[in-house]
Engineer: 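The structure's right below; bear with me while I get my questions together.
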Number of protein chains: 2
Amino acid sequence: MKYERYHFGANLVLEIISGKWKPSIICSLDARPKRYNELKAYLQRVNGQPIAQKVLTEQLRQLENDLIVKRTDYHTVPPKVVYSLTDDGQRIHDFLIEMSRVGENLAQHLASADQPIAFDYSYQQMIHHQKGELHAKS
Amino acid sequence: MKYERYHFGANLVLEIISGKWKPSIICSLDARPKRYNELKAYLQRVNGQPIAQKVLTEQLRQLENDLIVKRTDYHTVPPKVVYSLTDDGQRIHDFLIEMSRVGENLAQHLASADQPIAFDYSYQQMIHHQKGELHAKS
DNA sequence: CCGAATCCTAAGCGATACTG
DNA sequence: CAGTATCGCTTAGGATTCGG
């Protein structure tokens, strides 16, 4: 990516986190680092929709270039690659939690004028789970 | 727009503000409400790039549906239409300021590993100008 | 196990022309 | 002045196939 000039800092943040799966990726790596296929399966579970391998790789590469995600390749056979959050990635994650709080407030108004809006994970849950992995619904 | 289910509240916020000009529109209407062509000219000035009429109308309609922007039509000839922020729009604007602070911090790291990144308006300026319109660079 | 390469579709954005 | 209507380009995302 080529960074040059922005009207606001907000535009830089948006450029970095805009991508269908990026917010979910960042939040998935918060609890603990994950291997590639582990992350892929996790994303599918929490979002109820499969992510194409090409897309996951693309978005991980971009997040890596933007210093949000760190890629660790163990160079073994068979391969083992682990993805984790950088310090900036952790800050973006914290910001996404705050963003979720704003979103849930907006949803109340939008829902009253339209239809109920459901969130799988509230920002309260996100805060609560910051130090512990979510349990899979077995 | 059809709201249904989201993984996080963050995804709702992103859906609402994602659009090339939406963040700029929201920030432009903060200082004071603006008429259509006034807003159009303002956006072109601060972003150094013209916005297509079709696109501006589209994004304004969407922001109106999402309860971010209020459209006031005076039904006169010639027409006079004024756009302003709703309460939720104001909250989103405040959030964009916070987002700019985060972005400017990220930029320091990205710039050191890449190239310098310039912001036309810092979040400090945004705060300072919340109660007063920006001066045009004459 | 973790990808790369290719092809395809839908949507965002923009240019242009026209209108009450 | 504040829009609509139409068309074309570009890009993000996804399905599929192949490789170290």
Side-chain angles (χ1 to χ4, degrees), chain A residues 1-2 6-7 11 14-26 28-29 33-44 46-66 68-84, chain B residues 1-4 6-7 11 14-26 28-29 33-44 47-66 69-84:
Chain A
M1 197 184 293
K2 191 184 173 193
Y6 300 90
H7 187 203
N11 286 335
L14 286 171
E15 189 171 313
I16 288 177
I17 67 174
S18 78
K20 181 171 177 181
W21 301 85
K22 284 183 185 175
S24 296
I25 290 172
I26 293 168
S28 299
L29 294 179
K34 287 184 176 60
R35 297 181 62 172
Y36 182 87
N37 278 333
E38 188 185 2
L39 175 59
K40 190 168 184 297
Y42 184 87
L43 286 170
Q44 170 155 10
V46 298
N47 275 0
Q49 189 187 6
I51 174 174
Q53 172 264 319
K54 178 201 147 202
V55 177
L56 177 55
T57 303
E58 269 178 6
Q59 308 215 342
L60 282 171
R61 293 281 180 278
Q62 291 167 10
L63 288 172
E64 196 188 351
N65 278 329
D66 294 337
I68 303 301
V69 156
K70 182 170 178 289
R71 180 181 186 273
T72 306
D73 191 338
Y74 288 88
H75 297 291
T76 56
V77 178
K80 175 178 177 179
V81 178
V82 169
Y83 291 93
S84 56
Chain B
M1 194 185 295
K2 191 186 172 192
Y3 317 98
E4 276 193 347
Y6 301 90
H7 187 201
N11 285 335
L14 286 171
E15 189 172 313
I16 289 176
I17 67 175
S18 77
K20 183 171 178 182
W21 300 86
K22 284 183 185 175
S24 295
I25 289 172
I26 292 168
S28 299
L29 294 179
K34 287 183 175 62
R35 296 180 63 172
Y36 183 88
N37 279 334
E38 186 185 6
L39 175 59
K40 189 168 185 298
Y42 184 86
L43 287 171
Q44 170 155 10
N47 276 357
Q49 190 188 3
I51 175 173
Q53 234 172 21
K54 178 202 148 203
V55 177
L56 178 54
T57 303
E58 269 176 6
Q59 309 216 343
L60 281 171
R61 292 282 181 278
Q62 291 166 10
L63 288 172
E64 196 188 353
N65 277 329
D66 295 336
V69 157
K70 181 169 180 289
R71 179 181 186 273
T72 306
D73 191 339
Y74 288 88
H75 297 291
T76 56
V77 179
K80 174 179 178 178
V81 178
V82 169
Y83 291 92
S84 56

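Below, chains carry the letters A, B, ... as their sequence lines are ordered, and counting in each starts from 1. Heavy atoms only: backbone and side chains are in, while hydrogens, waters and symmetry mates are out.
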Engineer: Look at all strands and tell whether A/Val55 reaches a base, only sugar-phosphate, or nothing, counting heavy atoms closer than 4.0 Å.
Structural biologist: base

Engineer: To the side chain of A/Gln53, which of C/dG3, C/dA15, C/dC2 is closest?
Structural biologist: C/dG3

Engineer: Write down the distance between CG (B/Leu60) and P (C/dC13), rounded to a whole number of angstrom.
Structural biologist: 13 Å

Engineer: Does B/Tyr74 reach a base, just sugar-phosphate, or nothing at all? Heavy atoms under 4.0 Å.
Structural biologist: nothing

Engineer: In whole Å, I'd like the distance from the CD atom of B/Gln44 to the C1' atom of C/dG14.
Structural biologist: 13 Å

Engineer: For the pair made of CD1 in B/Ile25 and P in C/dG12, what is the distance, rounded to whole Å?
Structural biologist: 14 Å

Engineer: Can you find a side chain N or O atom of B/Arg61 that sits less than 4.0 Å from OP1 or OP2 on D/dA2?
Structural biologist: no

Engineer: Starting at atom CD1 of B/Ile51, determine the distance to atom C1' of D/dA2, rounded to an integer number of angstrom.
Structural biologist: 14 Å

Engineer: On DNA chain D, nearest-nucleotide positions of A/Pro79 versus A/Gln49: which is more 5'?
Structural biologist: A/Gln49

Engineer: Say you draw a straight line from CG of A/Asn11 to NZ of B/Lys20; how long is it, rounded to the nearest 0.5 Å?
Structural biologist: 10.5 Å

Engineer: From the list D/dC1, C/dC13, D/dA15, which nucleotide is the closest neighbour of the side chain of B/Lys54?
Structural biologist: C/dC13

Engineer: What is the distance from NE2 of A/His75 to C1' of C/dC2, rounded to the nearest Å?
Structural biologist: 12 Å

Engineer: Taking the minimum atom-to-atom distance to the side chain of B/Tyr83, which one of D/dG3, C/dG3, C/dA15 wins?
Structural biologist: D/dG3

Engineer: On the side chain of A/Glu58, is there an atom forming a donor-acceptor pair with the base of D/dA12 - under 3.5 Å, no angle test?
Structural biologist: no

Engineer: Go through C/dC2, D/dA2, C/dC13 for me and flag the one nearest to the B/Val81 side chain.
Structural biologist: D/dA2

Engineer: Tell me the interatomic distance from B/Asp73, atom CG, to D/dC1, atom P, rounded to whole angstroms.
Structural biologist: 15 Å

Engineer: What is the distance, rounded to the nearest whole Å, between atom CH2 of A/Trp21 and atom P of D/dA12?
Structural biologist: 17 Å

Engineer: With a 3.5 Å cut-off and no angle check, do the side chains of A/Ser24 and A/Tyr42 form a donor-acceptor pair?
Structural biologist: no

Engineer: Find the distance A/Ile17:CD1 to D/dA12:P and express it as a whole number of Å.
Structural biologist: 16 Å

